[in-house]
Amino acid sequence: MVRELKPTNCHFCGYLCAFTATVEDGRVVDLEPDVTRYPYDEKIVKGCRRWRMNLDVLEDEERINYPLRRTGERGSNEWERVSWDDALDDIAERLRALAKEHGPATLASAIGGPHASFWPLHRFMSLFGSPNNMGIGQICWNPRIWMDALTFGWTVEADIDPTLTEAVFIWGTNPAQSDNSAFWRSLIGISKSEVPLVVVDPRRTQVAARADLWLPIRPGTDCVLALGLIHVIVEEGLADRDFVEQWCHGYDELVEHVKPYTPKAVGRVCGLAPEDIERAARIFGGAGAAVLVSGRGVDQIGPDVSPTHRAICCLRAITGNVDKRGACVLAEMSDFTPEVDLEMSARMTDEQRAACLNTPYTPLQCYEGYERVRRLTEKLGRRLPVRYLTSAHPDLVLKAMIEGDPYPVRALIVEATNPLLTYADTHRVFKALMSLDLLVVLEYYMTPTASIADYVLPAAGAIERPTFQAHGGVANIAYGGPAAVDPYYGRKTDYDVFRELGLRLGQAEDWPDATLQEAYARTLAEAGVSWEDYCTTGLYWRPPAYEKHKLPGADGEPAGFATTTGKIELACEVLDALGGDRLPSPSPRFASLVTSCGLEGEEPATGASDGASPSGAADRNDGLVLITGARKQPYNASMFLANGDFRESYPDPLVEVSPRTAERLGLASGDRVTLSNEKGEASFILKTAPMRDDVVSADYGWWYPEREPGAPGFGGIWESNINTLTDCSVADGEAMIGTWSYNAIRCTIRKTDEPTA
Ligand SMILES: Nc1nc2c(c(=O)[nH]1)N[C@H]1C(S)=C(S)[C@@H](COP(=O)(O)OP(=O)(O)OC[C@H]3O[C@@H](n4cnc5c(=O)[nH]c(N)nc54)[C@H](O)[C@@H]3O)O[C@H]1N2
Ligand SMILES: Nc1nc2c(c(=O)[nH]1)N[C@H]1C(S)=C(S)[C@@H](COP(=O)(O)OP(=O)(O)OC[C@H]3O[C@@H](n4cnc5c(=O)[nH]c(N)nc54)[C@H](O)[C@@H]3O)O[C@H]1N2
Ligand code: SF4
Ligand SMILES: [Mo]
């Protein structure tokens, strides 16, 4: 027996904590946290319930361990085990035939959260010639990346420094549940210090409960609030005039633009007290260095997403909180090979790019939009990844699948996502996927999406593969480490699958590295670091410089910012040129409310209820507002529901309302309730929790792995799946990127007749 200790990493969330695996004859028999490598933190690992699953998951009998080919009707859950060669030969042959008939864009792909490196799939798509990679970009990551890049010339990262940071704003994110990390613990530290902590969230989250000021905002009205903060900062002379004078473009326009956004008008639209808005503005404007971290709460509010991010950028800029220690830092592009090169999107021909379904629907999130921004960011030597930022809009891909319009999309490769649970509008996703000629799913488990595939291919996971988390190459940091073992059974890494498929389709020259580890080593070599050195610390990182705009550029003058004007663009020239708004403007329904508020004298409702403070917001509101997917440990979207311990502690899909709203609706904790709207309905168990009275907050990702996959129930996807109520229509989405809404949605709630499970 050979017994070895091997460094490796957990990948049950984005942290990739370091572990030491005890390996006997190629099998992991024990796992211990590794104190010597990044991002080890004893408290994080102690507080994390997930990592202990690693051993079970490696051996789990429910795992897909060999390629499966469908034998019965689609969705019948009848399979035969086939060899990798048989599977990949057949898939390659069918893709070749479909591309011959309809063109390469007939192949689409779908990805989910950051569970794996996606560039191998994207490289395969680029070389195959299809622009149609779909993903979660439009509702997670892209809005912030795009708007930062348009305003500052590149992305910014929060830079909490307890010795310098004088205010922290947490906006639409709840790291206590979503992050479980060093960041959450730094916030606990902040909440105990003198530094004011302000939280903008309709729910009284753990971080809101620790805040000095909680702004329980009406969902979707965040842009109005941000403009209101700017209004107060300008009015009260809190703007950093020197910084604005030297480095910002469009300040006067912005000042004019925010005039109607008085605390009173904003309070009424956002359901907040005007004095709280003033207080928040004074905290942000008065701080020597202020940090603002935003999350999903403002990434998933449809049309208001881009203006909200832009307004937040403006808030940072006019207070001089850009590329400043203790506030935020303009990231550097990676000096290891960036995603943009790994994905080889430069290899797409003009004709292939022209097939991009997004043109002309989302003028920024498409190849033309990307090119425009690339020309700017490249002025300072930086390039964003192409594939995420041009990713095809699901509405348009689903339409091309169902209607063949503007051309037929007949094949889909799904990697590390469960679209029947996590994509919007499950009924439509189901219809589209059921209609395909070829559906290939790379998975760990027989998920509902996998159950309707032609091929389910077994993916190797954490511990079985090397990891290199690089955040799309938009920052100069990567972390992870080596695999402890070769993949068990017949599993392969996602990289191997796409490479081997590529080799069958004439892509040999572009897959020079036989293994994922060699590919990562090549990536690192560009930064002058060996794979071995990287694995020793688990980290590649170079400390950032601040105030880089002051450093001399090529001509010896200060470099400024990589925008059209060389300054921070409060008024955005690119958006203007694309037919969008120069200045951040909320969607018309909110903008007109602001204007009309200025004329009326009505008092705003605070809308907050923690069970003690009086509020009548729900009574006065014409409807309840649904928000979905608030993160909860131990689950991650549709994952880990099969874990017995987890299910015991969290057995049912929950929907939460405030105690007052429950009472008003005649509901009590434990009731089974049905949520519905014009798209569909789903069933939940009611729980009361402190939040705004007009808000209904539903879990996402719920299915029942213990039930039969495939028809007719598909693991229970039609029962408690909140995405049967959501919609991804491009026409109703954000105009530049196409972001749809998972928050701020209309719904009704009623008691279901069934007894509580
Ligand atoms: N446990 C767990 N952790 C996860 C995940 C998971 O599924 N489970 N998913 C991972 C992924 S993919 C992501 S993207 C991150 C997301 O991480 P976060 O962005 O931190 O997501 P949440 O914790 O849901 O926090 C979003 C907050 O926004 C609030 N909110 C909803 N609507 C609005 C609104 O209109 N305005 C404002 N201001 N706030 C609003 C919600 O009440 C919620 O508290 O989490 C990651 N971590
Ligand atoms: N209503 C609503 N919908 C949402 C959200 C919301 O808040 N509300 N959040 C959205 C957001 S931000 C995100 S990021 C998405 C998340 O959406 P998804 O990423 O689709 O969600 P998961 O359930 O995490 O699905 C991951 C799947 O990939 C598999 N998997 C995990 N790791 C690997 C791997 O390395 N390789 C392969 N091949 N498979 C792997 C898992 O078994 C699992 O089935 O959901 C989005 N959908
Ligand atoms: S689940 Fe995340 S926090 Fe927990 S050990 Fe794994 S990587 Fe670390
Ligand atoms: Mo996400």
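Just follow the structure's listing: the first ligand is 1, and inside any ligand the first atom is 1.
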Distance-only criterion, 3.5 Å: show the donor-acceptor pairs between side-chain atoms of residues 52-59 and protein atoms not counting sequence neighbours.
from: Asn54; atom 1: ND2; to: Trp51; atom 2: O; distance (Å): 2.9
from: Glu59; atom 1: OE1; to: Tyr489; atom 2: OH; distance (Å): 2.8
from: Glu59; atom 1: OE2; to: Arg27; atom 2: NE; distance (Å): 3.2

Looking at CD of Glu415 and NE2 of His122, how far apart are the two atoms once the value is rounded to the nearest 0.5 Å?
->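 Atom-to-atom, Glu415:CD and His122:NE2 are 8.0 Å apart.
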
Enumerate the residue pairs fulfilling salt bridge (Lys or Arg N to Asp or Glu O under 4.0 Å) with a member in residues 292-310, sequence neighbours excluded, ordered by first and then second residue.
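Found none.
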
Q: Would you check, one step at a time, whether the test side-chain contact (heavy atoms from CB on, under 4.5 Å) holds for Leu272 with Val266?
A: CA-CA 8 Å; Leu272 298 168; Val266 170; 5.7 Å; no

Worksheet entry | Phe640/Phe12 aromatic ring centres below 6.0 Å |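 Centroid separation for Phe640 and Phe12: below 6.0 Å.
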
- Aromatic ring proximity Trp740/His393, centre distance under 6.0 Å: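 Yes, close enough.
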
Environment of atom 8 (Fe) of ligand 3 in terms of protein N/O/S atoms, cut-off under 2.8 Å |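 Listed by chain and number, the atoms are Cys17 SG.
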
Take Tyr742 and Ile627, measure what side-chain contact (heavy atoms from CB on, under 4.5 Å) needs, and give me the verdict at the end.
-> CA-CA 6 Å; Tyr742 286 135; Ile627 61 175; over 6 Å; no

Arg647 side-chain N/O to Leu641 backbone N/O, donor-acceptor pair under 3.5 Å: yes

- Query: Hey, is the main chain of Gly172 close enough, under 3.5 Å, to the side chain of Asp201 for a donor-acceptor pair?
  - Reply: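 Not confirmed, Asp201 side chain does not pair with Gly172 backbone.
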
Using heavy atoms and a strict 4.0 Å limit, residues surrounding ligand 1 turn out to be Arg50, Cys140, Trp171, Gly172, Thr173, Asn174, Gln177, Ser178, Val200, Asp201, Pro202, Arg203, Thr205, Ile217, Pro219, Gly220, Asp222, Gly295, Arg296, Gly297, Ile301, Ile627, Gly629, Ala630, Arg631, Lys632, Gln633, Tyr635, Asn636, Ala637, Tyr700, Asn743

